[in-house]
Amino acid sequence: MAAATLARRIGRSGVAVMKFKSPPVNSLSLEFLTEFSISLEKLENNRACRGVIITSALPKIFSSGLDITEMCGKSIEHYTEFWRAVQEMWLRLYGSNMVTVAAVNGSSPAGGCLIALSCDYRIMAENPKFSIGLNEAQLGIVAPFWFKDTFVNVVGHRIAERSLQLGSLHPAPEAHKLGLVDELVPEEKLMEKAAAVMAQWLALPDHARQLTKTMMRKAVLDRLVAHREEDIKNFISFVSKESIQKSLRMYMEMLKKKKS
């Protein structure tokens, strides 16, 4: 099924639930990212919607992150379109006026972790087999400055520095200890807890919360907006290198062998 996201009807509480459904692992393809951004925009423009809970319709995986196939053996034009879509997704989610709660019901490496980091609150299933982190360094990729900024704002500079350099994937208990996720709950209680947290946030007047969120996040958002074209050029220059293409091809081969 190619559908990237499914936005449930908004309930009386003004809360939408968005479920990722792009088998097998909710990879962030160009199609997925585009549909995600459109879904967010629709919810943002709907006055009845005050908050969104983001989770996965697939077991054991929240999102595996950026789709490697979008970055391997493609044209400059494709890389440009893809990276612009990644930027757009983050700008919309990180800057959203809605309350955003990530209900992380499976592993969430790289771009999947970025989505969770961009939300206002993160609840993760209490399962040590599930991990989360920005593990780009393991693939020979450097996390862009705005990934880094988002991470630092959640866990602090030292933890982010160490985790990014090592490309660490943190098991759920460790992620909670580091402050990467706000709460751990049993898997079957995840959505119930997400709804309770959402109700707590929505009990506040929207305008005060929204202005505070803007104040806290504006500098980071503005930095990408000001350097957006430069960031795209840096991505293209980096991903086009033969050494990086080779590394990505090797990683794809490794994934194929795992499947077989």
Among all residues two or more places apart in sequence or in another chain, which pass the side chain to side chain donor-acceptor pair (under 3.5 Å) test with Q245?
Y79

Determine whether a donor-acceptor pair (N or O, by modelled atom type, separation under 3.5 Å) exists between the side chain of S237 and the backbone of K233.
no

With heavy-atom distances below 4.5 Å as the criterion, would you say the side chains of V185 and I123 are in contact?
yes

Does anything in residues 222-242 form a ring-ring contact (aromatic ring centres under 6.0 Å, His included)? List the pairs, not counting sequence neighbours.
W83-F235

Begin from the C-alpha positions of M98 and E44 and carry the test side chain to side chain contact (heavy atoms under 4.5 Å, CB included) through to its verdict.
CA-CA 7 Å; M98 298 181 290; E44 198 81 53; 3.8 Å; yes

For a quick test of reading the model, state the closest non-hydrogen atom pair linking V104 to A116 and the distance between them.
CG2-CB, 4.1 Å

Electrostatic pair E35-K21, nearest N-O below 4.0 angstrom
no

Interatomic distance, OG1@T150 vs CG@L224, rounded to 0.5 Å, equals 9.0 Å

Looking at every heavy atom in both V239 and L248, which two are closest together, and how far apart are they?
CG2-CD1, 4.1 Å

Would you confirm whether E126, through its side chain, and L184, through its main-chain N or O, come within 3.5 Å as a donor-acceptor pair?
no

Taking the side chain as every heavy atom from C-beta outward, state whether F32 and S27 have any pair of such atoms under 4.5 Å apart.
no

Residue that, paired with F36, satisfies side-chain contact (heavy atoms from CB on, under 4.5 Å) out of R92, E31, E41, M18
M18

Minimum heavy-atom distance between E70 and L30, given as atom pair plus value:
OE2-N, 2.8 Å

Is there a side-chain contact between W201 and V101, using heavy atoms and a 4.5 Å cut-off?
no

Supply the atom-to-atom distance S64 OG to N26 CG, rounded to the nearest 0.5 angstrom.
7.0 Å

Is a side-chain N or O of S108 found less than 3.5 angstrom from the main chain of C113, in a donor-acceptor match?
yes

Residues N153 and Y94: side-chain donor-acceptor under 3.5 angstrom
yes

Linking I/L/V/M/F/W/Y whenever any side-chain heavy atoms sit under 4.5 Å apart, do M254 and M252 land together?
yes

Answer whether the closest heavy-atom distance between the side chains of D120 and M198 falls below 4.5 Å.
no

Please round to the nearest 0.5 Å and tell me the distance separating atom CZ of R223 and atom CG of D149.
4.5 Å

To the closest 0.5 Å, what do you measure between CZ (R122) and OG1 (T100)?
8.5 Å

N/O donor-acceptor pair under 3.5 Å between R209 side chain and L204 backbone:
no

Could you measure the distance from the CD1 atom of I236 to the CE atom of M71? Nearest 0.5 Å is fine.
13.0 Å

Using a distance-only test with no angle check, is there a side-chain donor-acceptor pair under 3.5 angstrom linking Q87 and D231?
yes

Test side chain to side chain contact (heavy atoms under 4.5 Å, CB included) on I115 and W90; report intermediate values, then the result.
CA-CA 7 Å; I115 288 174; W90 178 78; over 6 Å; no

Pairs in or reaching into residues 43-78: which pass ring-ring contact (aromatic ring centres under 6.0 Å, His included), with residues at least two apart or in two chains?
F20-F62

Quick one: do V99 and V52 satisfy side chain to side chain contact (heavy atoms under 4.5 Å, CB included)? Show the steps, please.
CA-CA 6 Å; V99 176; V52 58; over 6 Å; no

Using every non-hydrogen atom in the two residues, find where C119 and R217 come nearest and quote the distance to one decimal.
O-NH2, 3.2 Å

Checking the side chain of S247 only, and the main-chain atoms of L139 only, is there a donor and an acceptor separated by less than 3.5 Å?
yes

What do you reckon, is NZ of K193 surrounded by more than 12 foreign heavy atoms closer than 6.0 Å?
no

Which heavy atom in L202 sits nearest to a heavy atom in R50, and how many Å separate them?
O-NH2, 2.8 Å

Please check if L117 and F145 belong to a single hydrophobic cluster, counting links between Ile, Leu, Val, Met, Phe, Trp and Tyr side chain heavy atoms closer than 4.5 Å.
yes

Nearest heavy-atom approach of S63 to P109 is O-CD, 3.2 Å

Linked, directly or transitively: I232 and I76 (ILVMFWY side chains, under 4.5 Å):
yes

Could you check R84 against E229 for salt bridge (charged side-chain N to carboxylate O under 4.0 Å, His left out), going step by step and ending with a plain yes or no?
CA-CA 9 Å; R84 199 179 292 281; E229 297 307 316; 3.0 Å; yes

Partners passing salt bridge (Lys or Arg N to Asp or Glu O under 4.0 Å) against E253 (at least two apart in sequence or in another chain):
K256

Side chain proximity check, K148 to L164, heavy atoms < 4.5 angstrom:
yes

For K74, is there an ion pair with E81 - N to carboxylate O distance below 4.0 angstrom?
no

Donor-acceptor pair, distance only, cut-off 3.5 Å: does the side chain of N135 make one with the backbone of L169?
no

Kindly indicate, with the supporting measurements, whether the criterion salt bridge (charged side-chain N to carboxylate O under 4.0 Å, His left out) is fulfilled by R249 and E242.
CA-CA 10 Å; R249 284 194 298 269; E242 184 46 43; 2.5 Å; yes

Quick check: is L180 connected to V152 through a chain of hydrophobic side chains (ILVMFWY, heavy atoms under 4.5 Å apart)?
no

To the nearest 0.5 Å, atom CD of E161 lies from atom CG of L166 at 10.0 Å

If hydrophobic residues (ILVMFWY) are linked whenever their side-chain heavy atoms come closer than 4.5 Å, directly or via other members, who joins I61 in its cluster?
V25, L58

Between D182 (side chain) and Y121 (backbone), is there a donor-acceptor pair under 3.5 Å?
no

Sub-3.5 Å donor-acceptor pair from the side chain of Q138 to the main-chain atoms of G167, do we have one?
yes

Kindly write out the residues that satisfy side chain to side chain donor-acceptor pair (under 3.5 Å) with D67, not counting sequence neighbours, or none if the list is empty.
T69

Side chain to side chain contact (heavy atoms under 4.5 Å, CB included) assessment of L221 paired with L91:
CA-CA 7 Å; L221 289 159; L91 288 168; 4.0 Å; yes

Is the shortest side-chain heavy-atom distance between E192 and K189 below 4.5 Å?
yes

Please check if L40 and I38 belong to a single hydrophobic cluster, counting links between Ile, Leu, Val, Met, Phe, Trp and Tyr side chain heavy atoms closer than 4.5 Å.
no

